[in-house]
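A quick write-up on the structure given underneath.
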Amino acid sequence: MKKAIIVGAGPAGLTAAYELLRTTDVHPVVMEGSNEIGGISKTVEYNGNRIDIGGHRFFSKNDTVMQWWQDIMPLQNKPSKDEILLNIPVTLEEGNARRRECDPEQDDRVLLLRHRVSRIYYLRHFFSYPISLAWQTFANMGLLRTMKVGVGYLATLFHKLPETSLENFYINRFGKPLYRMFFEDYTEKVWGIHPSKLGSDWGSQRVKGISIIALILDVVKKKFRKANGVNQKDVETSLIEQFIYPKYGPGQLWTIVSGEIIEKGGEVLMNSPVEKINVVGNKVVSVVVNGDIVPCDYLISSMPIKDLVASLQGVDVPTDVQDIAAHLPYRDFITVGLLVDKMKIRNTTKIKTYANRVPDTWIYIQERDVKIGRLQIFNNWSPYMVSDFENKIWIGLEYFCTEGDEMWNASDEDFISMAIEELVKIDILESKTDVADSVRIKVKKAYPAYYGSYYQLDKVRTFLDSIENLYCVGRNGQHRYNNMDHSMLSAMEAVKNIKNGVTSKDNLWSVNTENEYHESK
């Protein structure tokens, strides 16, 4: 039996292993360097409460991916007894009717149907995300700002900027005033560099279909669009109104997948970092893991390209390829989990929530006087993420940084204290005494960045593709800011190539570049 070494137990790596077992006779061995399943899609548990690193909406325009998730974990058609009692919104218009029914014996292995609410917090007010054309938006902006936004957008209709930067990409779609209000500062928080110095590639991948025109059309379409579950292919991903979500967070699904891989005869080895990759001719023949040589017939890699190129042995890596890979930029990530008694912000939407709490899954923080980029409210992802849903709110404060900088090197105590003070400062919390528990989590290489040597990545790709049995998949494996479904699709394409003896890797790299793959978030 032929063997495939798969580097990384994230969505891409585990999907590859699962699909190899399902469709081929190739034996998969997943090598995970850490002791955790799921990569950035893991769920971290702390004192009985669960953290979703980065927040993961389970939604795709690809039917195969949607069905794949539901084959692993069935979709719950009725709310549970707990959700009924706590008045948690689980559907759209039909939600109230469904709450009259109940599954008293609900299985833990289910996907919940969630109502999507994401908003921007700016000027101590809430704005819909994506920006809506509702009266409340203009009321919060004020007359002068609203007039500036209108004039700014009209200007873009007559004068388009060359899309040589992410800044110009946003201005062409929203106008300069709206860009400065809702995109400029947040984008710089995420990437640590001004949007004028970032390429437009990121925008075309993540917010391709969103613009003022798209928002107007969506308002019109909503009046005629009938609810059709979570199959909303005619809706831009940033405009979806509902999604599915594992009862105990994304890590639950990937832990189940890992178990099924082992049950079907595959291997998932933890604390097994791939240190060296041995190449003979134009093929990978083995890898070195914890000092041991492990032979293989295929290598599917979701490890960062920077580390992949550095680990290659027995092959002459061109100097420029080494240099480009070594300098590929990344952004790192910090989450602060806070268990609070209450929040100062209250629910002013039409959505009914328990104790009138805000209904948002996450909130984009656009305030210029704080470092926090985004706030998650895990109660609203799933009530089962919180050990005491009725009395506590479990929130995640997200910060974007670079390994080794001031934020990364700060002590846990100092950083958590700073984070709490920021929420008090912008009126999210009343007082630091409302915090009952806290934790800080750091994640390296969470976001492949689009500047610097990224623009020479094609040279690295060409070289890596010349190694016949090497397949690069996933977010870090391709150095792309992919959604989870895109990472899975790249793995599925790799397995198809192995099954069919296809040596070209073009289909792997085309995921999330061709129209049918485009999504935004």
Side-chain angles (χ1 to χ4, degrees), residues 118-219 236-239 329 331 360 362-375 398-400 426 447 449-452 454-455 481 483 518-521:
S118 297
R119 292 184 292 175
I120 294 170
Y121 192 68
Y122 176 63
L123 301 174
R124 293 0 182 218
H125 289 290
F126 280 108
F127 296 82
S128 297
Y129 177 80
I131 301 301
S132 75
L133 303 180
W135 165 251
Q136 192 62 46
T137 300
F138 303 120
N140 288 344
M141 282 196 295
L143 179 61
L144 182 59
R145 284 192 184 90
T146 299
M147 292 176 63
K148 287 182 177 180
V149 165
V151 171
Y153 179 67
L154 288 174
T156 67
L157 299 179
F158 299 98
H159 176 63
K160 295 292 184 183
L161 299 173
E163 293 194 352
T164 53
S165 69
L166 186 57
E167 179 175 65
N168 288 0
F169 178 92
Y170 278 132
I171 291 173
N172 281 346
R173 284 154 182 78
F174 298 96
K176 186 173 287 186
L178 203 59
Y179 153 74
R180 287 182 170 168
M181 287 172 61
F182 295 126
F183 296 97
E184 184 176 27
D185 291 323
Y186 180 79
T187 303
E188 189 164 7
K189 282 181 183 180
V190 173
W191 299 111
I193 189 169
H194 192 268
S196 62
K197 298 178 181 178
L198 287 168
S200 60
D201 305 51
W202 184 87
S204 63
Q205 258 191 294
R206 302 294 287 192
V207 290
K208 171 193 72 89
I210 301 301
S211 65
I212 292 293
I213 293 296
L215 296 176
I216 294 172
L217 290 175
D218 187 66
V219 170
E236 286 300 329
T237 308
S238 288
L239 300 175
R331 284 291 272 175
D360 307 72
W362 62 48
I363 299 169
Y364 296 93
I365 307 296
Q366 299 287 74
E367 306 292 16
R368 293 182 169 90
D369 52 349
V370 290
K371 296 177 181 177
I372 179 176
R374 197 168 65 176
L375 176 72
E398 299 182 349
Y399 293 85
F400 312 98
I426 61 175
Y447 302 110
Y450 287 58
Y451 58 89
Y454 163 79
Y455 286 104
Y481 191 5
N483 287 339
H518 269 306
E519 296 194 19
S520 54
K521 197 177 201 177

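By convention here, the first residue in the shown sequence is residue 1.
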Interatomic distance, [X] atom [atom1] to [Y] atom [atom2] [nearest 0.5 angstrom]:
X	Y	atom1	atom2	value
F182	F127	CZ	CZ	4.5 Å
R173	N168	CZ	CG	10.5 Å
W362	L375	CH2	CG	12.0 Å

Would you say the side-chain atoms of [X] pair up with the backbone N or O of [Y], donor to acceptor, closer than 3.5 Å?
X	Y	answer
R331	Y447	no
K189	V370	yes
D185	R368	no

Please find the pair of heavy atoms, one from [X] and one from [Y], that lie closest to each other, and give the distance.
X	Y	value
P329	Y451	CG-O, 3.1 Å
P177	G152	CD-CA, 3.7 Å
S165	S200	O-CB, 3.7 Å
L154	F158	O-CD1, 3.1 Å
I426	I365	CD1-CG2, 3.9 Å
S118	D360	C-OD2, 4.1 Å

* For Y399, check ring pair (Phe, Tyr, Trp, His ring centres under 6.0 Å) against everything at least two apart and list the hits. => F415
* Y186: partners by ring pair (Phe, Tyr, Trp, His ring centres under 6.0 Å), with sequence neighbours left out -> Y364
Hey, are the side chains of [X] and [Y] touching, using non-hydrogen atoms and a 4.5 Å cut-off?
X	Y	result
K197	L166	no
F126	I120	no
M181	Y122	yes
N172	E163	yes
F169	E167	no

* Asked: So, for F183 and Y179, is the gap between ring centers shorter than 6.0 Å?
  -> no
* Does the distance from a Lys or Arg side-chain N to an Asp or Glu carboxylate O, for R124 and E367, drop under 4.0 Å? -> yes
* Would you say the side-chain atoms of Y121 and Q366 include a donor-acceptor pair closer than 3.5 Å? -> no
* To do: Measure up the Y450 and Y454 rings against each other and bin them: parallel (under 30°), tilted (30 to 60°), perpendicular (over 60°).
  => tilted
